[in-house]
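Note sheet for the following structure.
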Amino acid sequence: QKHHQTYITNFNKALEQLDAALAKGDSATIVKLQSAIKFNGGGHVNHSTFWKNLAPVREGGGEPPKGSLGWAIDTHFGSLEVLMQKMNAEGAAVQGSGWVWLGADKELKKLVVETTANQDPLVTKGPLVPLIGIDVWEHAYYLQYKNVRPDYLTNIWKVINWKYASEVYEKECV
């Protein structure tokens with residue numbers, strides 16, 4: 001609540017400052033605020049997806065995707081295991097802080113794995129719908145996994161909420 005709320009608070013503050021700068025025609029401030037808007041707005045957007053991407057095992061966390069999304073994963077990656085290995089490798093390779101994503105490219109009608117730096121949201125990469133977003137900032141795993149990001153990435157699949165990802169895929173892409 002505290003961490004995510006900080007993004008929301010700072011995003012709203014930056015938007016208020018943007019409104020004031022727009023009203024004054026203050027171009028320098030408008031440009032200066034863009035990074036705060038992207039960082040804090042992205043932090044809010046990304047974490048909003050992240051929380052929905054997680055579910056306790058007793059509530060279906062880790063259960064493989066079924067239906068259209070399961071079929072699409074097999075078609076585009078060969079298997080769920082291959083997708084997980086790809087996302088783990090790309091997430092582990094993110095330099096510093098960022099995210100690894102399973103997204104749906106609505107224009108090309110295919111699934112993609114992408115990474116973003118810091119709090120950049122997936123939409124900065126194009127017309128992509130985020131299905132699974134994994135936070136690879138140290139704050140996401142340090143207390144439990146110390147500095148061993150690959151262990152975190154291996155274990156997070158046990159609580160991934162494929163039901164949510166499948167619902168988004170059905171709504172946005174099928």
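FYI, side chains are in, hydrogens and waters are out, and symmetry mates aren't considered; it's all heavy atoms of this structure.
When side chains are defined from C-beta on, Leu153 does not count as touching Tyr141, because their heavy atoms never get closer than 4.5 Å. You'll find the side chain of Gln119 stays beyond 4.5 Å of the side chain of Ser97, heavy atoms only. Within the 4.5 Å cutoff, the side chain of Lys163 has no heavy atoms near those of the Glu63 side chain. Counting heavy atoms from C-beta outward, Leu69 and Leu111 have side chains that approach closer than 4.5 Å. Using a 4.5 Å heavy-atom threshold, the side chains of Trp157 and Trp162 count as touching. No side-chain heavy atom of Lys38 sits under 4.5 Å from any side-chain heavy atom of Ser35. A heavy-atom distance below 4.5 Å is found between the side chains of Leu54 and Ile156. At least one side-chain heavy atom of Asp135 sits under 4.5 Å from a side-chain heavy atom of Tyr152.
Closest non-hydrogen pair, Asp74 versus Ser79, comes out as OD1-CA, 3.5 Å. The two residues Tyr169 and Ala72 have their closest heavy-atom pair at OH-CB, 3.4 Å. Shown here for Lys86 and Phe77, the closest heavy-atom pair between the two residues is CD-CE2, 4.0 Å. When all heavy atoms of Asn88 and Thr154 are compared, the pair lying nearest together is ND2-CA, 3.9 Å. Here the closest heavy-atom approach between residue Thr116 and residue Asp120 is recorded as OG1-O, 2.8 Å. When all heavy atoms of Pro130 and Leu122 are compared, the closest pair comes out as CA-CD2, 3.6 Å.
Atom CG of Asp19 sits about 12.0 Å away from atom NZ of Lys24, to the nearest 0.5 Å. Atoms CG and CD, on Leu131 and Glu167 in that order, are 12.0 Å from each other to the nearest 0.5 Å. Atoms CG and CD, from Asp151 and Gln144 in turn, are 10.0 Å apart once rounded to the nearest 0.5 Å. Atom CD of Glu90 is separated from atom CD of Gln85 by 12.5 Å, given to the nearest 0.5 angstrom. Interatomic distance, Leu128 CG to Cys173 SG, rounded to the nearest 0.5 Å: 9.5 Å. Atom-to-atom distance recorded for Asn40:CG and Asn10:CG is 4.5 Å, nearest 0.5 angstrom.
Put simply, the side chain of Arg149 never gets that close to the backbone of Glu138: no donor and acceptor are under 3.5 Å apart. Distance alone, capped at 3.5 Å, places no donor-acceptor pair between the Thr29 side chain and the Asp26 backbone. Looking at Lys52, its side chain never comes within 3.5 Å of a backbone N or O of Asn161 through a donor-acceptor pair. A distance-only check finds no donor-acceptor pair linking the side chain of Trp101 to the backbone of Ile132 [under 3.5 Å]. Using modelled atom types, one side-chain atom of Asn53 and one backbone atom of Gly133 make a donor-acceptor pair closer than 3.5 Å.
The hydrophobic cluster containing Trp137 does not contain Ile8, counting ILVMFWY residues as joined when their side-chain heavy atoms lie under 4.5 angstrom apart, directly or transitively. The same ILVMFWY cluster, assembled from side-chain heavy atoms under 4.5 Å apart, contains both Val129 and Trp51. Val112 and Val174 fall within a single hydrophobic cluster, where Ile, Leu, Val, Met, Phe, Trp and Tyr are joined by side-chain heavy atoms under 4.5 Å apart, directly or via other members. Linking Ile, Leu, Val, Met, Phe, Trp and Tyr whenever their side-chain heavy atoms come within less than 4.5 Å leaves Val45 and Ile134 in two separate clusters. When the side chains of ILVMFWY residues are joined at heavy-atom separations under 4.5 Å, either directly or via intervening members, Val148 and Tyr142 end up in two distinct hydrophobic clusters.
The side-chain tip of Lys13 does not point at the ring of Phe11 from less than 6.0 angstrom away and within 45° of straight on.
A donor and an acceptor atom, one from each side chain of Glu170 and Ser68, are located under 3.5 Å apart.
In this structure, Trp99 has its ring center under 6.0 Å from that of His47.
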So Ile37 and Leu18, side chain to side chain contact (heavy atoms under 4.5 Å, CB included) or not? Walk me through it. CA-CA 9 Å; Ile37 291 168; Leu18 178 63; 3.6 Å; yes

